[in-house]
Amino acid sequence: MSTHRDPRDRVQVLDEDGGVREGATVPDIDEDSLTEMYREMRLARHFDRRAVSLQRQGRMGTYPPLSGQEAAQVGSAMALADEDWIFPSYREHAAAHVRGVGLDSTLRYWMGDERGNDPDDANVFPVAVPIATQILHATGAAWAADLTGDDAAFLCYFGDGATSEGDFHEGLNFAGVFDVPAVFFCNNNQWAISVPRERQSASATLAQKAHAYGFEGVLVDGMDPLAVYQVTSDAVSKAKDPGPAGDDAPGRATRPTLIEAIQYRFGAHTTADDPSVYRDDDEVERWKRKDPIPRLEAYLRERGILDDESVDAIGESVESEVASAIDAAERTERPAPAEMFDHVHAERTERLDEQAAHLERLRERYGDEELLE
Amino acid sequence: MSTQESNTQNLTLVQAVRDGLKSEMERDDDVIVLGEDVGKNGGVFRATEGLYDAFGGDRVIDTPLAESGIIGTSIGMAAYGLRPVPEMQFSGFMYPAFDQLVSHAARLRTRSRGRFTCPMVVRAPYGGGIRAPEHHSESKEAIYTHEAGLKVVVPSTPYDTKGLLAAAIRDPDPVVFLEPKLIYRAFREDVPEEPYTVELGEAAVRREGEDLSVFTWGAMTRPTLEAAESAAEDGIDAEVIDLRTLSPMDTDAIVESFKKTGRAVVVHEAPKTGGLAGEITATIQTEALYYQEAPIARVTGFDVPYPLYALEDYYMPEDTRIEDAIRETYGA
Ligand SMILES: Cc1ncc(C[n+]2csc(CCOP(=O)(O)OP(=O)(O)O)c2C)c(N)n1
Ligand SMILES: [Mg+2]
């Protein structure tokens, strides 16, 4: 079991230049995993750029970018074991990829195709667009695992804005009362669309809200992938193996953790948003100095794990991986209209059969072109 | 209606929302706007653009991200004497506020025998057809209409938008004001600069006709008119009635039109089962059965969760589908 941290202390391993901060403990990660961590972040950044441009070209619908938030997603998702689960919001494309969701699936979803929300065998719950709703699902799944004796941790992502919703408070309260193996991971990117963090809550930190529910809250530099990895690993170990059972007294939940990862979204909230209306470029530039990718790169170069050649090779490989994902997504045949009726219930009802047949009759009578104009 | 000759502006529907809010805020200091991103950002659809600068942060308020919080506190404010106009960013995100709306806003007057009231207007963009992400396209007007104590308004033109919004804000009871975002910027119309109201509970005849009545509202009004024009080329003369207010519903207008034509089509985006077309049909059956000459047709969304946008054009009723129903009903 990890030592309890004070939610006012921000855990950091790397400084802004990628040097190890004085007194910091570097987490125990092998070289291959460190390279993978770097590659996943590069992949996410490149994917993000391409996705925004697909939207601009009318090849994809509204898309929520993640640039700036790679370390929080990749560092935390890599700290999970195979049996663990994530419950994402709508922005965790990088975390989902680490957990085995293909970039083509993510693209399909944002291209308006439900099948993109069916992430193969990955332990990833479907994207949750209504804010904070997934927090209760993660708590429930963690609770169920506990009741059935499974040994898994459940990590739930949500934003700073989400901490204002009732579902956040109900989810964390249940997690404390039933002492479930959940890790609540708050991607505090400073903004909920145009509303700044300080407008969401008068609390000094969001992490400290955990105390009200009887468990640990941790504040971490969310643009430092090593620090994120460390605090998430600790939270996951604690969720699975909380040590000697506490008594039932209030304030003694031993398994859940709330992690507040301080970070910044470099881009717009979504492709439909114009951040210049509510924040200045100076602020963005300040946060760009903490960009997680050059930070990790500098650290890895310093340790001799990366050099110019390997960095270039990674650059080329992420470009081709993203290009093939886009190709695969765009080459997927569009869903058949009948699909709409197929997954409403386990079996189609008679009414749905009638309605599907009616749609087919209309298509035959008028043709898709006229029907969809 | 209380308009006089006055200057007009050529506005889109969403600009008419903004203009309606502005003129009511100028008229009455008790009117305040609150919600997610309504302040500095001017709303994600720009429906409140400029209001923060014009009226300041005490009257145009960016709240924490909490719909139950927004509506619950609005109820308290309204009971205390203000006229809050909370915005729900999308109608798909209203559900956290549902308890406050139905358990309190709708019943405060009844429960306190009129001592406490709830004069607030809950605005929300609603409806589909804009290639939006999941949960951004549903039409759930029926669930609010089902709730006694709430009024429900859906404008379909810029002129009506400003006038209905003003009437809703001046109304002594809670109003759910659903804005068809598909037509937020679809067309412009001359809108008086002066404040004016369009009375709640009155339908508008958008096209007069003798052969058949089509009842609809919101974003479906335009494709319905197109379908009617196209059917007219073949001599089918359809009357198109835009209900504008769904609760209280203008049943007189519905029955009067049906008595004239004896045939009806009802058009809405919402799923068929439990949709308001059923209510309208039952009203006709009760009040004008002996005038009926053909089965009443419903052109609606399907009984499925609103699909992601790859399939939404198959889901949404449009002019071809509406015209098909007009012809069938005419020929039946
Ligand atoms: C219940 C609900 N209300 C409103 C919205 C509209 N909305 C989408 S994202 C967002 C802001 C979310 O901010 P935050 O939780 O900080 O997450 P971020 O987008 O910054 O990652 C809002 C208001 C929604 N999706 N769900
Ligand atoms: Mg945020």
Side-chain angles (χ1 to χ4, degrees), chain A residues 61-64 90 108-114 116-117 127 129-133 159-167 192-196 199-201 269-270 272-274 277-278 334-337 339-344 349 351-352 355-356 358-359 362-363 365-366 368 370-373, chain B residues 35-46 49 61-70 72 89-90 92-97 99 130-136 223 271-273 299-321 323-325:
Chain A
T62 304
Y63 166 81
Y90 40 80
R108 264 182 221 114
Y109 177 76
W110 296 103
M111 287 174 173
D113 183 347
E114 236 96 40
N117 226 346
V127 162
V129 171
I131 301 298
T133 49
D160 43 306
T163 65
S164 296
E165 290 278 12
D167 280 1
I193 310 185
S194 73
V195 180
R199 191 88 193 192
Q200 292 296 341
S201 174
H269 168 71
T270 67
D273 171 52
D274 173 11
V277 178
Y278 54 81
R334 298 305 269 170
E339 283 236 339
M340 205 167 21
F341 304 94
D342 283 342
H343 302 280
V344 183
T349 59
R351 275 219 136 185
L352 286 173
Q355 294 184 8
H358 176 61
L359 178 58
L362 287 168
R363 293 180 70 204
R365 195 175 298 168
Y366 300 102
D368 278 354
E370 187 168 340
L371 211 53
L372 303 183
E373 72 181 2
Chain B
E36 295 156 10
D37 307 289
V38 299
K40 263 204 181 137
N41 198 38
V44 295
F45 287 102
R46 303 289 176 251
E49 192 163 39
I61 306 168
D62 279 322
T63 66
L65 205 177
E67 292 75 15
S68 181
I70 294 165
Q89 195 163 89
F90 287 86
F93 305 131
M94 256 166 102
Y95 311 120
D99 185 31
I130 63 161
R131 284 165 60 93
E134 211 174 352
H135 309 288
H136 288 71
K272 180 175 261 175
T273 302
V299 183
T300 67
F302 301 112
D303 291 339
V304 303
Y306 193 95
L308 289 186
Y309 76 76
L311 292 181
E312 82 174 325
D313 290 346
Y314 288 103
Y315 174 92
M316 289 274 282
E318 43 61 71
D319 56 338
T320 306
R321 233 156 101 184
E323 191 182 336
D324 181 78

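Computed from a predicted structure; not experimentally measured. Each chain gets a letter, A, B and so on, in the order the sequences are listed, and its residues count up from 1.
With a 4.5 angstrom heavy-atom cutoff, Q89(B) touches chain A only via side-chain atoms. Contact annotation for F93(B): only side-chain heavy atoms (C-beta onward) come within less than 4.5 Å of a heavy atom of chain A. Of the atoms belonging to V44(B), it is side-chain heavy atoms, and not backbone ones, that fall under 4.5 Å from chain A. Contacts between Y63(A) and chain B at a heavy-atom distance below 4.5 Å are absent for every atom of the residue. Within the 4.5 angstrom heavy-atom criterion, only side-chain atoms of L362(A), from C-beta onward, approach chain B. Proximity to chain B involves both the backbone and the side chain of L371(A), based on heavy atoms less than 4.5 angstrom apart. Of the atoms belonging to T63(B), it is backbone heavy atoms, and not side-chain ones, that fall under 4.5 Å from chain A. Looking at D167(A), neither its backbone nor its side chain comes within 4.5 Å of chain B, counting heavy atoms on both sides. Of the two parts of P307(B), the backbone and the side chain both hold a non-hydrogen atom closer than 4.5 Å to a non-hydrogen atom of chain A.
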- [ ] Begin with the C-alpha distance, continue with both residues' side-chain angles, and end with the deciding distance and a verdict on side chain to side chain contact (heavy atoms under 4.5 Å, CB included) for L308(B) and D113(A).
- [x] CA-CA 6 Å; L308(B) 289 186; D113(A) 183 347; 5.8 Å; no
TODO: List the steps and the verdict of side chain to side chain contact (heavy atoms under 4.5 Å, CB included) for E36(B) and I193(A).
DONE: CA-CA 9 Å; E36(B) 295 156 10; I193(A) 310 185; over 6 Å; no
- [ ] Step by step, work out the side chain to side chain contact (heavy atoms under 4.5 Å, CB included) result for V277(A) and E49(B).
- [x] CA-CA 11 Å; V277(A) 178; E49(B) 192 163 39; over 6 Å; no
Open item on the list: Run V344(A) and D303(B) through side chain to side chain contact (heavy atoms under 4.5 Å, CB included) and show every step you take.
Closed with: CA-CA 9 Å; V344(A) 183; D303(B) 291 339; over 6 Å; no
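Taking a 6.0 Å sphere around NZ of K40(B), one finds it holds 12 or fewer heavy atoms contributed by other residues, nucleotides or ligands.
The main-chain N or O of L372(A) is never found under 3.5 Å from a side-chain atom of E318(B) such that the two would form a donor-acceptor pair. No donor-acceptor distance shorter than 3.5 angstrom exists from the side chain of Y366(A) to the backbone of T320(B), with no hydrogens or angles considered. Between the R199(A) side chain and the D62(B) main chain, a donor and an acceptor come within less than 3.5 Å of each other.
Highest contact tally toward chain B, considering only P64(A), G161(A), P130(A), G61(A), is held by P130(A) [criterion: heavy-atom pairs under 4.5 Å]. If you tally non-hydrogen atom pairs under 4.5 Å between each of T270(A), D273(A), I131(A) and chain B, the highest count goes to I131(A).
A310(B) approaches M111(A) most closely through the heavy-atom pair CB-O, 4.4 Å. The shortest non-hydrogen separation linking L311(B) to A336(A) is CD1-O, 3.8 Å. Considering every non-hydrogen atom in both D274(A) and R46(B), the closest pair reads CB-NH2, 4.2 Å.
Between the side chains of Y90(A) and E134(B), no donor N or O sits under 3.5 Å from an acceptor N or O.
Interatomic distance, M340(A) CE to Y306(B) OH, rounded to the nearest 0.5 Å: 10.0 Å. Atom CG of D368(A) and atom OH of Y314(B) lie 3.0 Å apart (nearest 0.5 Å). Note: D37(B) CG to H269(A) NE2 = 8.0 Å, rounded to the nearest 0.5 Å.
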